[in-house]
A.B. asks: 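Take this structure, written in structure tokens, and hold onto it; I'll ask about it next.
The structure displayed is predicted, hence computed values, not measured ones. Chain letters run A, B, ... following the sequence lines, proteins first, then strands; residues in each count from 1.
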Protein chains: 2
Amino acid sequence: MPMQITRESDYAVRCLLYLKERGDAFSAVGEISETMSIPRTFTSKILQKLTKAGIVRSVRGVGGGFTLNREPGKITLLDVIEAVEGPIKVNVCVIDRKSCDRVETCSVHHIWVKMRKDIRKWLESYNFSNIEEAENTPR
Amino acid sequence: MPMQITRESDYAVRCLLYLKERGDAFSAVGEISETMSIPRTFTSKILQKLTKAGIVRSVRGVGGGFTLNREPGKITLLDVIEAVEGPIKVNVCVIDRKSCDRVETCSVHHIWVKMRKDIRKWLESYNFSNIEEAENTPR
DNA sequence: TAAAATAGGATAAAATTACTCCCATATCAG
DNA sequence: CTGATATGGGAGTAATTTTATCCTATTTTA
């Protein structure tokens, strides 16, 4: 499953689309998971990560649930993906130089570094305000 | 291991860097794997894939081995990664629409499609001629 | 025909992803 | 202050994928 976002990231995006729709209301896990077709307990875990990352806010107890913690326009795809998957690496050696003994002499190391930078920049350019506006690719 | 090339792709790139260095000579698996620190039998499998993809050419028997099948400048990173990992997906629904029952109503589907397109274009812009030239990122 | 090489299928080991379960903790209504 | 309804978090399980290895067949040259 290389060069691919995880199902978890996809689910996280769905959760946020739902919460955006709900505006200021608080939504419970069950409601989100059913509407967005995500396994319930997994949804719970994902929302926990999003909460820890400060992307959503939670309230426990009766009438509690989750809601966006900031404007949709200030939540980027990068924020979401890194919240659930951890920092994007592209190649292990980019984050952890000692993972590769060839790193000193490697003539392509800089390519992976640049690729990571460019992918992160790309993901950062989409947020939950412009993500749905973005022109639909015709056919 | 999301948004990350596989070790296999990394190994494939190493193989090609080595073969480029060797010019028109044929190199045996053992030689490539030892020099580039790749497990021997795995190297063999990777070279098989690269051969099938037409990126390298092989000759069996005494004095045989592998050599590039075309100019380094005509072998892109995309060619190599897709040769070993298969087509880049970014998200399952991009390649296989029926993998996601939400695809009809999904307001972000087009984002994954665009992301795939842009990543492929990026990878296509690097080949084994310009990949090493590319300015080394200072510090 | 023997030696040296790749080709390919099957399988094994390790790691990661994709979940589930259970109990603790918080919040609110009555 | 108690019970019902939520989320929080740790631990564990299942499924899939990645990362290999092994063995045998086939090709090629000397």
A.B. asks: Any residue in residues 64-71 of chain A with a heavy atom nearer than 4.0 angstrom to DNA chain D? Just list them by number, or reply none.
C.D. replies: Gly65(A), Phe66(A)

A.B. asks: Give the B/S/- string for nucleotides 21-30 of chain D, one per nucleotide from 5' to 3', where a protein heavy atom under 4.0 Å of the base yields B, of only the sugar-phosphate yields S, and otherwise -.
C.D. replies: BB---BBBB-

A.B. asks: Figure out the CD1/P separation between Ile38(B) and dT19(D), and round it to whole Å.
C.D. replies: 13 Å

A.B. asks: Figure out the CD/C1' separation between Glu8(B) and dT16(C), and round it to whole Å.
C.D. replies: 16 Å

A.B. asks: Rounded to whole angstrom units, what separation is found between the NZ atom of Lys49(B) and the P atom of dG8(C)?
C.D. replies: 13 Å

A.B. asks: Please identify each residue that fulfils side chain to side chain contact (heavy atoms under 4.5 Å, CB included) with Lys74(B), with sequence neighbours left out.
C.D. replies: Arg70(B), Glu71(B)

A.B. asks: Under the side chain to side chain donor-acceptor pair (under 3.5 Å) rule, collect the residues that match up with Thr51(B), sequence neighbours excluded.
C.D. replies: none

A.B. asks: With respect to the phosphate group of dA18(C), does any side-chain polar atom (N or O) of Tyr11(A) fall under 4.0 Å of OP1 or OP2?
C.D. replies: no

A.B. asks: Could you tell me which non-hydrogen atom of Leu68(B) sits nearest to which non-hydrogen atom of Pro72(B), and how far apart they are?
C.D. replies: CD1-CG, 4.0 Å

A.B. asks: Rounding to an integer number of Å, can you tell me how far Ile46(A) CD1 sits from dG8(D) C1'?
C.D. replies: 15 Å

A.B. asks: Round to the nearest Å and state the distance from Asn91(B) atom CG to dA18(C) atom P.
C.D. replies: 10 Å

A.B. asks: Taking only distance into account, with no hydrogens and no angle test, what donor-acceptor pairs under 3.5 Å do side-chain atoms of residues 81-92 of chain A form with protein atoms, sequence neighbours excluded?
C.D. replies:
{"from": "Glu82(A)", "atom 1": "OE1", "to": "Arg120(A)", "atom 2": "NH2", "distance (Å)": "2.9"}
{"from": "Glu82(A)", "atom 1": "OE2", "to": "Ile88(A)", "atom 2": "N", "distance (Å)": "2.8"}
{"from": "Glu82(A)", "atom 1": "OE2", "to": "Arg120(A)", "atom 2": "NE", "distance (Å)": "3.1"}
{"from": "Glu85(A)", "atom 1": "OE2", "to": "Thr6(A)", "atom 2": "N", "distance (Å)": "2.9"}
{"from": "Glu85(A)", "atom 1": "OE2", "to": "Thr6(A)", "atom 2": "OG1", "distance (Å)": "3.0"}
{"from": "Glu85(A)", "atom 1": "OE2", "to": "Ser9(A)", "atom 2": "OG", "distance (Å)": "2.5"}
{"from": "Asn91(A)", "atom 1": "ND2", "to": "Asp10(B)", "atom 2": "OD1", "distance (Å)": "2.8"}

A.B. asks: Would you say dA5(C) has OP1 or OP2 under 4.0 Å from some side-chain N or O of Ser58(B)?
C.D. replies: no

A.B. asks: Rest of the hydrophobic cluster containing Val59(A) (Ile/Leu/Val/Met/Phe/Trp/Tyr, side-chain heavy atoms under 4.5 Å)?
C.D. replies: Phe26(A)

A.B. asks: Taking side chain to side chain donor-acceptor pair (under 3.5 Å) as the test, write out the residues that go with Lys45(B), two or more places apart.
C.D. replies: none

A.B. asks: Would you say Leu17(A) and Val113(B) are hydrophobically clustered, going by side-chain heavy atoms of ILVMFWY under 4.5 Å?
C.D. replies: yes

A.B. asks: Going by salt bridge (charged side-chain N to carboxylate O under 4.0 Å, His left out), name the residues that satisfy it together with Glu31(A), two or more places apart in sequence or in a different chain.
C.D. replies: Arg22(A)

A.B. asks: Does Asn69(A) have any side chain to side chain donor-acceptor pair (under 3.5 Å) partners at least two apart in sequence or in another chain, and if so, which?
C.D. replies: Arg57(A)

A.B. asks: Sequence neighbours excluded, which residues qualify as salt bridge (charged side-chain N to carboxylate O under 4.0 Å, His left out) partners of Arg60(B)?
C.D. replies: none

A.B. asks: Given atom CD of Gln48(A) and atom P of dA18(C), what is their separation to the nearest angstrom?
C.D. replies: 18 Å

A.B. asks: Leu50(A) CG to dG9(D) P: how many Å, rounded?
C.D. replies: 13 Å

A.B. asks: dA7(C), OP1 or OP2 - any side-chain N/O from Ser44(B) closer than 4.0 Å?
C.D. replies: no

A.B. asks: What integer distance in Å separates Met3(B):CE from dT17(D):P?
C.D. replies: 18 Å

A.B. asks: What parts of residues 24-35 of chain A reach DNA chain C, counting only heavy atoms under 4.0 Å away?
C.D. replies: none

A.B. asks: Does Asp96(B) have any side chain to side chain donor-acceptor pair (under 3.5 Å) partners at least two apart in sequence or in another chain, and if so, which?
C.D. replies: Lys98(B)

